[in-house]
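The structure appears below as structure tokens.
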Amino acid sequence: MNPRRSYAAGTGLFILLGFLVLGYLATQTTSLVNFQSGPTYDVIAEFTNIGGLKDRAPVKMAGVRIGTVKSIGLDQKSMDARVVLAISRRYDQIPTDSFAKIMTSGLLGDQFVSISPGGSPHNLKNGSIIDNTQSALQIEDLIGKFLTSSKSSSADSGKSQ
Amino acid sequence: MKGVLARVFDPLLDGLADIGRTGWFFLALLRALPRGLTYPRELLRQIWFTGAKSLIIVMISGLFVGMVLALQLYYTLSIFGGTSALGTVIALSLYRELGPVVTALLFAGRAGTAITAEVGLMRATDQLSAMELMAVDPLAFVASPRFLAGLIAMPLLVAVFNLMGLFGGHLVGVTWLGIDNGTFWSNMTSNVSVWKDVINGEWKALAFGGLISLIAVFQGYNAPPTSEGVANATTRTVVASSIAILALDFVMTAFLM
């Protein structure tokens with residue numbers, strides 16, 4: 001190999017390597033990893049409060065990722081948050097009376113929708129609505145509850161004295 | 001009195017004039033760029049020289065930056081009990097900020113100085129005038145391939161830097177400090193986006209690459225034809241490109257937010 005061709009090959013290798021690394025970074029270390037390919041079906045769940053749930057947040061069942069949050073909107077009639085979940089077609093055996101809950105991964109983690117199975121013989125289909133939902137836990141509400149309960153308990157203790 | 005004023009304002013005016021001349025040089029370079037593309041072999045040689053040969057220093061620096069980042073961020077995050085976010089924070093710091101900026105500073109020191117010295121000596125030994133006599137435009141044959149090489153090499157070097165940084169961060173965070181491997185990756189993959197973070201950093205890399213090679217070629221091209229002149233031009237390349245990188249980084253970050 002003449003020297004001229006060897007540095008040309010080296011340059012080609014460098015460029016190829018650079019693009020390969022860029023491709024790896026873009027596809028393996030970003031949210032593209034969680035990109036769901038393949039057919040999905042939509043299920044609608046209405047929550048009184050979704051907290052910090054975002055588009056494309058994971059939908060999990062028993063901790064296994066089965067889909068993503070497709071869209072979030074406000075239902076003007078009920079004034080509830082209307083969350084559309086895109087669930088992979090592979091998981092088509094979810095009972096209609098399943099329970100959807102907004103949970104947080106870790107103390108400061110992101111929020112996701114967790115589905116617990118019900119016992120109905122019928123399964124969710126495209127466009128079905130999940131009736132049993134539980135809203136996101138709001139720290140402010142918790143603190144509020146804690147404050148009022150501690151007040152009433154101190155009032156109780158005051159009475160008993 | 002006049003002497004004091006002149007001593008204060010002369011360097012400022014010199015600097016301003018240098019910026020202006022670099023701007024005019026950039027326009028002339030852009031005009032010569034299409035003709036520069038007729039020398040692909042020279043472009044290839046410059047990519048090899050500025051890009052591929054900077055690979056080792058960029059890889060080693062990336063590794064250490066990633067390792068330090070993991071240590072420092074682990075300490076900070078442990079105050080808030082959020083060490084599970086270590087992967088995300090390392091990746092975001094690298095992709096958005098440290099990757100492009102540190103690589104650009106290294107590139108200015110490793111490749112920018114070499115370009116200035118080479119072109120400056122070409123000027124000093126009258127090679128540039130000889131090219132003009134042979135009807136070869138030095139802007140097309142000397143300046144354009146070096147400018148384009150910086151434009152092409154920098155984004156690729158930044159990608160390599162980021163990968164090595166991530167590897168170093170993973171090494172310290174997961175292997176040494178004991179953060180769960182799954183947590184590290186899943187937290188990162190759910191919070192890092194391609195367009196907002198990876199590509200955002202690559203835009204910066206492209207801009208820095210063009211800026212550094214423009215400054216380097218300009219300084220070499222206009223270096224006084226003495227050994228002192230070339231030495232001063234090389235110093236000015238490092239100083240000017242470092243300041244320009246950091247200033248442009250602020251502006252680009254504000255716009256790309």
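Worth saying up front: this structure is predicted, and the values here are computed from it rather than measured. Per chain, numbering begins at 1; letters A, B, ... match sequence-line order.
- Residues of residues 92-120 of chain B placed with any heavy atom under 4.5 Å of a heavy atom in chain A are listed by number as Tyr95(B).
- Residue-environment remark: CD (Gln72(B)) stays at or below the threshold of 12 foreign heavy atoms within 6.0 Å.
- Scanning both residues, Leu25(A) and Val198(B), for their nearest heavy atoms gives O-CG2, 4.4 Å.
- Atom CD1 of Ile47(B) is separated from atom OG1 of Thr11(A) by 6.5 Å, given to the nearest 0.5 angstrom.
- No more than 12 heavy atoms of other residues, nucleotides or ligands sit less than 6.0 Å from atom CE of Met59(B).
- For Ile15(A), the parts lying near chain B are the backbone and the side chain together; criterion is any non-hydrogen pair under 4.5 Å.
- Options Thr183(B), Val160(B), Val194(B), Thr88(B) differ in how many heavy-atom pairs under 4.5 Å they form with chain A, and the most are formed by Val194(B).
- Of the atoms belonging to Ser84(B), not a single heavy atom falls under 4.5 Å from chain A.
- Looking at Ala153(B), the atoms closer than 4.5 Å to chain A (heavy atoms on both sides) sit in the backbone and in the side chain alike.
- Nearest heavy-atom pair across Leu22(A) and Glu202(B) is CD1-OE2, 3.4 Å.
- Of the atoms belonging to Ala91(B), not a single heavy atom falls under 4.5 Å from chain A.
- Here the closest non-hydrogen pair linking Gly18(A) and Ala159(B) is O-CB, 4.1 Å.
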- Message: Apply side chain to side chain contact (heavy atoms under 4.5 Å, CB included) to residues Leu166(B) and Thr29(A) and explain how you reach the verdict.
- Response: CA-CA 9 Å; Leu166(B) 216 54; Thr29(A) 70; 3.6 Å; yes
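- Enclosure of atom CD1 in Ile56(B) is not indicated, since only 12 or fewer non-hydrogen atoms of other residues, nucleotides or ligands lie within 6.0 angstrom.
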- Task: Output, in order, the C-alpha distance, side-chain angles, deciding distance and verdict of side chain to side chain contact (heavy atoms under 4.5 Å, CB included) for Leu55(B) and Leu17(A).
- Result: CA-CA 11 Å; Leu55(B) 214 49; Leu17(A) 176 88; 3.9 Å; yes
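- Phe14(A) has its side chain within reach of Leu157(B): a pair of non-hydrogen atoms, C-beta onward, lies under 4.5 Å apart.
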